[in-house]
Amino acid sequence: MKKIFIAISFVLFCLSINAQDRYFDERYIYTQHFINPILINPGVTGIDEDRHILFNYRNKWASFPGAPKTVTFSYNGPIANRLGFGALVMNDSNAGLRTTKGQLSLSYTIDSPTNKVGFGLSTEFIQHKVSGDVLSNSLIDINDEVVLDRLDGNNYFDASFGIYGIYESKITYGIAFPSLISSKLSDSSNGSRDRELGYIFNVGYIYNFEEQDIYAEPSIIFKKLMFVPTAVDINLKLQFLERKLTGGITYAVGADERFGFLLGAKVNSLNFNYSYNVSRHDFQEYNNGSHELSVGITMASNKKSEEMMIQEEMLKN
């Protein structure tokens with residue numbers, strides 16, 4: 001088992017080095033994007049006129065040495081009439097590979113009696129590099145020029161575009177084009193690269209069972225991303241007790257074949273969501289599944305606060 005572990009660690013490290021010569025889209029990481037679409041689509045930025053703070057943590061293949069771990073922190077909210085602003089910071093570790101991302105986004109929302117849709121644009125700085133910890137690995141030559149070059153990392157500047165909407169308060173839809181423009185900032189190769197077009201498409205429907213106080217939202221997310229195999233997520237989200245309790249399931253087909261469960265709760269302005277996923281691949285035997293936790297804070301806009309005060313006064317009268 002010790003030899004197997006050393007061999008797997010060495011393979012993961014080699015993959016990390018090779019990944020430095022290509023760019024993969026980090027949006028494939030998340031499984032809670034059907035409840036936190038801001039993680040994948042800049043069109044969501046400020047669309048509901050509330051201010052949102054989100055912390056997201058994902059541990060894929062838990063208990064396996066060198067397993068991927070991702071920490072994401074984001075903010076989004078309105079800055080003017082119909083205009084939204086967002087910021088996101090992400091750090092991902094996968095064996096010897098480290099990915100860091102900083103993102104700023106702006107959006108414009110068009111609101112009609114039947115349809116509300118946001119158009120978002122984001123600019124992103126992404127860095128891929130190999131951790132300095134690999135130099136302590138006895139299998140690595142610390143004088144290897146390739147290893148030393150990868151320690152400096154490759155930097156990219158990207159621009160992404162997204163559309164996200166809600167039709168008649170029932171149909172949710174969206175499409176995002178991640179890294180629509182991508183430019184490599186490192187000196188080790190050409191400044192730009194020819195790349196295939198990647199996209200994320202989602203559609204869902206909200207059923208409101210008023211008598212049972214249940215909201216049900218089935219949805220589908222289709223992901224075709226750069227250097228990531230195509231995958232489809234089939235989701236079902238259920239909310240109870242005035243949407244204070246949340247449950248859900250996810251079945252993913254394609255390259256990332258997995259089955260997941262979701263539990264969530266809302267306490268005043270705080271939102272807690274936890275999901276657990278197991279893979280259908282044989283590698284599941286060597287780990288304890290994948291865990292993802294998100295904690296969100298929602299701050300109602302002044303406009304909504306005034307509307308709530310008016311409604312309360314009307315009820316009193």
Side-chain angles (χ1 to χ4, degrees), residues 24-41 43-44 54 56-64 67-70 72 92 94 162 164-167 170-178 198-209 212 214-240 243 245-266 271-296:
F24 64 89
D25 197 304
E26 71 287 341
R27 290 168 181 81
Y28 82 94
I29 292 171
Y30 306 104
T31 62
Q32 290 190 4
H33 39 41
F34 70 102
I35 57 173
N36 295 312
I38 191 64
L39 295 170
I40 59 173
N41 192 331
V44 183
L54 176 68
N56 181 277
Y57 172 76
R58 176 160 169 78
N59 183 6
K60 188 174 183 180
W61 305 331
S63 77
F64 189 82
K69 296 181 177 64
T70 309
T72 306
D92 176 74
N94 185 350
Y164 189 88
I166 304 174
Y167 180 73
K170 293 182 178 180
I171 300 175
T172 59
Y173 61 92
I175 187 167
F177 298 97
Y199 59 89
I200 304 173
F201 171 78
N202 72 276
V203 63
Y205 189 89
I206 302 174
Y207 294 91
N208 182 4
F209 302 97
Q212 292 79 18
I214 298 175
Y215 287 83
E217 183 179 356
S219 63
I220 296 177
I221 300 178
F222 185 91
K223 295 176 286 185
K224 182 182 182 300
L225 299 173
M226 298 298 95
F227 303 111
V228 179
T230 301
V232 179
D233 289 0
I234 303 171
N235 312 294
L236 175 61
K237 180 174 69 173
L238 299 171
Q239 293 182 303
F240 314 90
R243 295 192 170 188
L245 294 179
T246 301
I249 56 174
T250 295
Y251 182 70
V253 296
D256 188 14
E257 296 188 8
R258 54 181 167 77
F259 188 79
F261 303 88
L262 169 71
L263 292 175
K266 180 179 180 182
N271 292 277
F272 302 90
N273 288 288
Y274 167 77
S275 57
Y276 176 75
N277 287 263
V278 292
S279 174
R280 294 181 59 225
H281 295 295
D282 294 338
F283 185 64
Q284 180 62 51
E285 299 179 11
Y286 303 98
N287 66 84
N288 292 332
S290 301
H291 307 267
E292 187 165 351
L293 172 69
S294 64
V295 180

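Contact of the T172 side chain with the V203 side chain is not registered, since no non-hydrogen atoms from C-beta on lie closer than 4.5 Å. The shortest distance between side-chain heavy atoms of R58 and I29 falls below 4.5 Å. Residues L225 and R27 meet the side-chain proximity criterion, which asks for heavy atoms closer than 4.5 Å. Side-chain contact between S275 and T250 is absent, with no heavy atoms from C-beta onward closer than 4.5 Å.
A donor-acceptor pair under 3.5 Å is absent between the side-chain atoms of N36 and the main chain of I38, judged by distance alone. Checking side-chain atoms of Q32 against main-chain N and O of E292 turns up a donor-acceptor pair under 3.5 Å. A donor-acceptor distance shorter than 3.5 angstrom exists from the side chain of S290 to the backbone of W61, with no hydrogens or angles considered.
Listed by first then second residue, pairs satisfying salt bridge (Lys or Arg N to Asp or Glu O under 4.0 Å) with a partner in residues 199-209 number zero, not counting sequence neighbours. For the salt bridge (Lys or Arg N to Asp or Glu O under 4.0 Å) condition, the pairs that include at least one residue of residues 215-240, sequence neighbours left out, are E196-K224, E217-K237, K223-D233, D233-R258.
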message: Between N202 and F34, does the side-chain contact (heavy atoms from CB on, under 4.5 Å) criterion hold? Intermediate values first, please.
response: CA-CA 9 Å; N202 72 276; F34 70 102; over 6 Å; no
message: Quick one, Y28 with Y30, criterion ring pair (Phe, Tyr, Trp, His ring centres under 6.0 Å). Give me CA distance, side-chain angles, the key distance, then yes/no.
response: CA-CA 6 Å; Y28 82 94; Y30 306 104; 8.9 Å; no
message: Quick one, F272 with L263, criterion side-chain contact (heavy atoms from CB on, under 4.5 Å). Give me CA distance, side-chain angles, the key distance, then yes/no.
response: CA-CA 8 Å; F272 302 90; L263 292 175; over 6 Å; no
task: Begin with the C-alpha distance, continue with both residues' side-chain angles, and end with the deciding distance and a verdict on side-chain contact (heavy atoms from CB on, under 4.5 Å) for T246 and L238.
output: CA-CA 6 Å; T246 301; L238 299 171; over 6 Å; no
- request: List the steps and the verdict of side-chain contact (heavy atoms from CB on, under 4.5 Å) for I221 and N235.
  value: CA-CA 8 Å; I221 300 178; N235 312 294; 3.9 Å; yes
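Within the model, atoms CD1 of I206 and OH of Y215 stand 9.0 Å from one another, a figure rounded to the nearest 0.5 Å. In this structure, OG1 in T70 is found 8.0 Å from CG in N94, a value given to the nearest 0.5 Å. Atoms CD1 and CG, from I214 and L245 in turn, are 11.5 Å apart once rounded to the nearest 0.5 Å. Taking OH of Y57 as the start and OH of Y274 as the end, the distance is 11.0 Å to the nearest 0.5 Å. Note: Y205 OH to Y173 OH = 15.0 Å, rounded to the nearest 0.5 Å. In this structure, CG on N41 lies 9.0 Å from CD1 on I175, to the nearest 0.5 angstrom.
Classified by interplanar angle (parallel below 30°, tilted 30° to 60°, perpendicular above 60°), the ring pair H291/Y276 is tilted.
Between S294 and N56, the side chains place no donor N or O within less than 3.5 Å of an acceptor N or O (distance only, hydrogens not considered).
When all heavy atoms of P218 and L236 are compared, the pair lying nearest together is N-CD1, 3.9 Å. Scanning both residues, P178 and G198, for their nearest heavy atoms gives CD-O, 3.6 Å. Smallest separation of non-hydrogen atoms from N277 and G260: OD1-CA, 3.3 Å. Closest non-hydrogen pair, S279 versus H281, comes out as OG-N, 3.0 Å.
The local environment of NZ in K266 is sparse, with at most 12 non-hydrogen atoms from other residues, nucleotides or ligands closer than 6.0 Å.
Here F283 and F64 bring their ring centres to under 6.0 angstrom of each other.
Shown here are the side chain to side chain donor-acceptor pair (under 3.5 Å) partners of Y251, two or more places apart in sequence or in another chain: R280.
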